[in-house]
Amino acid sequence: MVQTSAFSLLIQNWYIENHRDLPWRNTDSPYFIWLSEVILQQTRVVQGLDYYHKFTRLFPTVHDLANASEQEILNTWQGLGYYSRARNLHKTAKHVDQQYNGVFPDSYKELLSLPGVGPYTAAAIASFAYNLPHAVVDGNVFRVLSRVFSVDTPIDSTKGKKEFSELADNLLDKTHPGRHNQAIMELGALVCSPKSPDCSSCPIEEICSARASGNQENFPVKEKKTKVRNRYFHFLLIEEKNKLVIQQRKGKDIWENMYQLPLIETPSPELNIEKSSFSEPMASYSHQLSHQKIHALFYKTPEIPKEVDVSRCRWIEKEELNDLPLPRLIDRFFEEQEQDS
DNA sequence: AATGCGGGGTC
DNA sequence: GACCCAGCATT
């Protein structure tokens, strides 16, 4: 019999008293748990909550989700970002519905094979839904463990991922893996925060190495910084009565397959084309993504200039916009047009 | 091993 | 601005 670590006992007792009441913690359904985990990938709990409610309401079973169209799913996902998650959500729903008869597999290995399910999500579903002993390693876990044990191996290196994953497995309470996993993530979210962690109310302050040396803020260590490139988008509003022209984006770029206004992208801020028929820009936004800064200008013009790829353009009724998945940038443009009119 | 992929919150 | 968030897929 393996003894439960002091670390695990302390965080679990803290968790029992201090955790938030979140909807996906009140279910055993692998389907709901999977939904919540995919929604929460690189996404804060407060941002994901509304989407979790929308998805469980619109698609109460994995069969409902499997039978939905990809566009319907993307449309429900609109505004949450990382849209490949929505496409993989659909793939996995269809796979589970057809190949597993609507029942999610109950082994880590099979879970890991599902589209959009990686090591973190497979461990989360395995431990929360099936009580299997797999330790989760997410951003919270990296932070808590790097501080408690003063591990300075970069978390964005292969060596670091392996090291933290082994450490997490060694600490896991194999008799309560689900609660243990919830506890370490909740501690990272509520107490052991990136900036100004609340060490004085931490249940493991006494055994925390970084706290002892006052080094909390120096963990975890990352080796790479993300660099941002600038892009210049010129969007054209071409309308007639209740119709306007929209364009579907292509693959291998941001917002794959989503809809926007006809676009001319330029390598520099200037739009050096014959644009005598263009209005002065009616709106301009800069839109910040993780790796790109989009400088967007919106013009009114009566017809489609030759610089636009018309093969992916078509006229739609303005009302149809509600049914098309739009990037936040485009959605915001229409929102503000609405207000101004 | 390195890179791309959103949108929003915090300091 | 810089950093982070219940990461994953692709190259």
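Here is the naming used below: chain letters follow the sequence lines, and residue numbers restart at 1 for every chain. Side chains are part of it too, since the values below use all heavy atoms of this structure and drop only hydrogens, waters and symmetry mates.
For A:K252, whose side chain is taken as the heavy atoms from C-beta onward, the closest listed nucleotide among C:dT10, B:dG6, B:dA2 is C:dT10. Considering only side-chain atoms of A:K225, the nucleotide from B:dG8, C:dC3, B:dC5 that sits closest is C:dC3. Side-chain proximity of A:P327 to the nucleotides B:dC5, B:dG7, C:dA9 is greatest for B:dG7. When distances run from any side-chain atom of A:R25 to the nucleotides C:dA6, B:dC5, C:dC4, the shortest one goes to C:dA6. Across B:dC11, C:dA6, B:dC5, the shortest atom-to-atom separation from the side chain of A:K195 is found for B:dC11. Considering only the side chain of A:R44, B:dG8 comes nearest among C:dG1, B:dG6, B:dG8. With distances taken from any side-chain atom of A:R332 to the nucleotides B:dG8, C:dC8, C:dA6, the minimum falls on B:dG8. Here the side chain of A:Q182 is nearest to one of C:dA6, B:dG6, B:dG4, namely C:dA6. Side chain of A:M185, nearest nucleotide from B:dC11, C:dA6, B:dC5: C:dA6. Nearest to the side-chain atoms of A:R143 among the listed nucleotides C:dG1, C:dC4, B:dC5 stands C:dC4.
A:N181 comes within 4.0 angstrom of no nucleic acid atom, judged by non-hydrogen atoms across all strands. Among the heavy atoms of the strands lying under 4.0 Å from A:L80 is at least one base atom, whether or not backbone atoms are also near. Residue A:S193 is out of contact with every strand shown, counting any heavy-atom pair closer than 4.0 Å. At the heavy-atom level, A:V117 lies under 4.0 Å from the strands shown only through sugar-phosphate atoms. Residue contacts for A:W24: at a heavy-atom cut-off of 4.0 Å it reaches a base atom on one of the strands shown. Counting non-hydrogen atoms under 4.0 angstrom, A:G188 reaches nothing in the nucleic acid.
Summarising the geometry, the separation between OH on A:Y82 and P on B:dG8 is reported as 13 Å, rounded to the nearest angstrom. Taking atom CG on A:L112 and atom P on C:dC8, their separation rounds to 8 Å, with Å as the unit. Between the NZ atom of A:K91 and the C1' atom of C:dT10 there is a distance of 12 Å, given to the nearest Å.
With respect to the salt-bridge test (charged N to carboxylate O, under 4.0 angstrom), the residues A:R25 and A:E186 qualify. A salt bridge is absent between A:D50 and A:K54: the closest approach of a Lys/Arg side-chain nitrogen to an acidic carboxylate oxygen does not fall below 4.0 angstrom. The pair A:E70-A:K91 does not meet the salt-bridge criterion, since no charged nitrogen lies less than 4.0 angstrom from a carboxylate oxygen.
Comparing A:D156 and A:L329 by the nucleotide of DNA chain B whose heavy atom lies nearest to each, the residue mapping closer to the 5' end is A:D156. Each of A:Q42 and A:K159 was assigned the nucleotide of DNA chain B with the nearest heavy atom; the assignment lying further toward the 5' end belongs to A:K159. Each of A:R20 and A:G116 has a nearest nucleotide on DNA chain C; the 5'-most of these lies closest to A:R20.
The phosphate of B:dG7 (OP1 or OP2) has a side-chain N or O of A:W255 nearer than 4.0 angstrom. At the phosphate of B:dG7, OP1 or OP2 sits under 4.0 Å from a side-chain N or O atom of A:Y83. Phosphate contact (OP1/OP2 of B:dC5, side-chain N/O of A:Q292, threshold under 4.0 Å): present. For the pair A:R85 and C:dG7, the criterion of a side-chain N or O lying under 4.0 Å from OP1 or OP2 is not met. For A:H287, a side-chain nitrogen or oxygen approaches OP1 or OP2 of B:dG7 to under 4.0 Å. In this structure, A:K222 does not reach the C:dC3 phosphate: none of its side-chain N or O atoms is under 4.0 Å from OP1 or OP2.
A:E17 CD: 12 or fewer foreign heavy atoms inside a 6.0 Å radius. No more than 12 heavy atoms of other residues, nucleotides or ligands shown are found within 6.0 angstrom of CG on A:N101.
Contact annotation: side chain of A:S290 to base of B:dG6, donor-acceptor pair present below 3.5 Å. Judged by distance alone, with hydrogens and angles left aside, A:T43 brings a side-chain donor or acceptor within reach of the base of B:dG6, the pair sitting under 3.5 Å.
Aromatic ring pairs are classed by plane angle as parallel below 30°, tilted from 30° to 60° and perpendicular above 60°; the pair A:Y299 and A:F278 is tilted.
Comparing B:dC11 with C:dA6, their C1' atoms are spaced 22 Å from each other, to the whole Å.
The salt bridge (charged side-chain N to carboxylate O under 4.0 Å, His left out) test with A:K318 is passed by exactly one of A:E338, A:E240, A:E239: A:E239.
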